[in-house]
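If you read the sequence from its start, that first residue is 1, and numbering goes on from there.
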Amino acid sequence: DLNGNSSSTSLIIAILPYNNYAPIFIGAPYSAHVAENAAVGTPVYTVYATDADPAPYNVITYSIVGGNDQGKFAIFSFIGVVYVNEVIGHPATYALTIRAQNVDPFSDTNRSLSLSSETTLNITVLDENDNSPVLQPLDANRLFPNGTVMANTIIVTFTCTDSDTGLNRATHFSISTNTSMLAIFP
């Protein structure tokens with residue numbers, strides 16, 4: 001002060017680390033598959049990212065930011081588990097964009113100084129054999145007087161459709177009675 005009096009004190013200044021690094025996904029991009037009729041809540045895949053920043057800047061949250069317009073999938077934000085959010089119901093493919101974001105614990109919004117990275121999780125929804133084949137015609141009863149049908153005569157033609165896909169769509173015909181008088185031709 002003006003009278004020449006002074007005082008001193010010790011002051012400790014701590015320099016806090018700064019959020020320098022964005023999270024990095026390990027093993028990305030990712031691929032997974034799930035059955036078309038998987039129950040809501042079924043885990044599909046766990047994404048994982050690391051952050052080279054020291055605590056508290058290395059806390060990562062995950063979110064789905066693209067490819068999920070129908071909301072079929074969701075993610076547990078703090079552990080990265082992607083799971084079925086709605087019944088899917090049919091074979092399809094999804095390319096989800098997953099974001100890993102670190103949190104700035106000293107920001108009012110917890111997002112202003114956060115850093116992020118993104119990757120893709122490709123999900124293939126697998127067909128289940130959940131549709132019965134449809135046989136046409138349904139009524140194939142034919143009556144022929146004895147001796148009026150020549151050998152190798154086509155008596156009836158069936159068609160069979162199945163709305164499943166791939167191997168689940170394959171059909172097979174057989175004759176349930178033991179007879180040598182009838183045959184099936186492909």
For [X] and [Y], work out which heavy atoms get closest and say how close.
X: Tyr62; Y: Val47; value: CD2-CG2, 3.8 Å
X: Val40; Y: Val87; value: CG2-N, 3.9 Å
X: Ala49; Y: Pro23; value: CB-CB, 4.1 Å
X: Gly67; Y: Tyr94; value: O-CD2, 4.0 Å
X: Pro43; Y: Val81; value: CB-CG1, 4.1 Å
X: Asn20; Y: Asp53; value: N-OD1, 2.8 Å

| message | Would Val65 and Glu118 count as a side-chain contact (heavy atoms from CB on, under 4.5 Å) here? Give the steps. | response | CA-CA 9 Å; Val65 297; Glu118 295 179 357; 3.8 Å; yes

| message | Within the supplied structure, the quantity of interest is the number of heavy atoms (other residues, nucleotides, ligands) at a distance under 6.0 Å from Ile24 CD1; does it exceed 12? | response |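 No.
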
| Is the number of heavy atoms from other residues, nucleotides or ligands under 6.0 Å of His33 NE2 greater than 12? |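 Atom NE2 in His33 is not crowded, with 12 or fewer foreign heavy atoms closer than 6.0 Å.
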
| query | Mind checking whether Phe25 and Tyr48 have side chains closer than 4.5 Å, heavy atoms only? | reply |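 They are not in side-chain contact.
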
| task | Determine whether the side chains of Thr159 and Gln136 contain a donor N or O and an acceptor N or O closer than 3.5 Å. | result |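 Looking only at side-chain atoms, Gln136 and Thr159 do not form any donor-acceptor pair under 3.5 Å.
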
| So, Asn19 versus Asn102: side-chain donor-acceptor pair below 3.5 Å or not? |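 Yes, Asn102 and Asn19 have a side-chain donor paired with an acceptor closer than 3.5 Å.
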
[atom2] on [Y] to [atom1] on [X], rounded to 0.5 Å:
X: Ile64; Y: Arg99; atom1: CD1; atom2: CZ; answer: 12.0 Å
X: Asp51; Y: Ser117; atom1: CG; atom2: OG; answer: 9.0 Å
X: Glu36; Y: His90; atom1: CD; atom2: NE2; answer: 8.5 Å
X: Leu126; Y: Thr93; atom1: CG; atom2: OG1; answer: 11.5 Å
X: Ser31; Y: Ile123; atom1: OG; atom2: CD1; answer: 9.5 Å
X: Asn58; Y: Thr50; atom1: CG; atom2: OG1; answer: 9.5 Å

| field | Partners meeting side chain to side chain contact (heavy atoms under 4.5 Å, CB included) with Ala52 (sequence neighbours left out) | value |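 Residues passing side chain to side chain contact (heavy atoms under 4.5 Å, CB included) with Ala52: Tyr21.
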
| side-chain contact (heavy atoms from CB on, under 4.5 Å) evaluation trace for Leu96 with Thr120 | CA-CA 6 Å; Leu96 304 183; Thr120 302; over 6 Å; no

| task | Find out if a path of hydrophobic residues (ILVMFWY) with successive side-chain heavy-atom gaps under 4.5 Å connects Ile75 to Ile26. | result |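 Yes.
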
| Qualifying side-chain hydrogen bond (donor to acceptor under 3.5 Å, both in side chains) pairs with a residue from residues 68-85, counting only residues at least two apart or across chains |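 For residues 68-85: none.
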
| request: Would you please test Phe78 and Ile60 for side-chain contact (heavy atoms from CB on, under 4.5 Å) and show each step? | output: CA-CA 7 Å; Phe78 285 101; Ile60 298 172; over 6 Å; no

| task | Evaluate side-chain contact (heavy atoms from CB on, under 4.5 Å) for Val84 paired with Val34, printing each intermediate quantity in order. | result | CA-CA 9 Å; Val84 175; Val34 64; 4.1 Å; yes

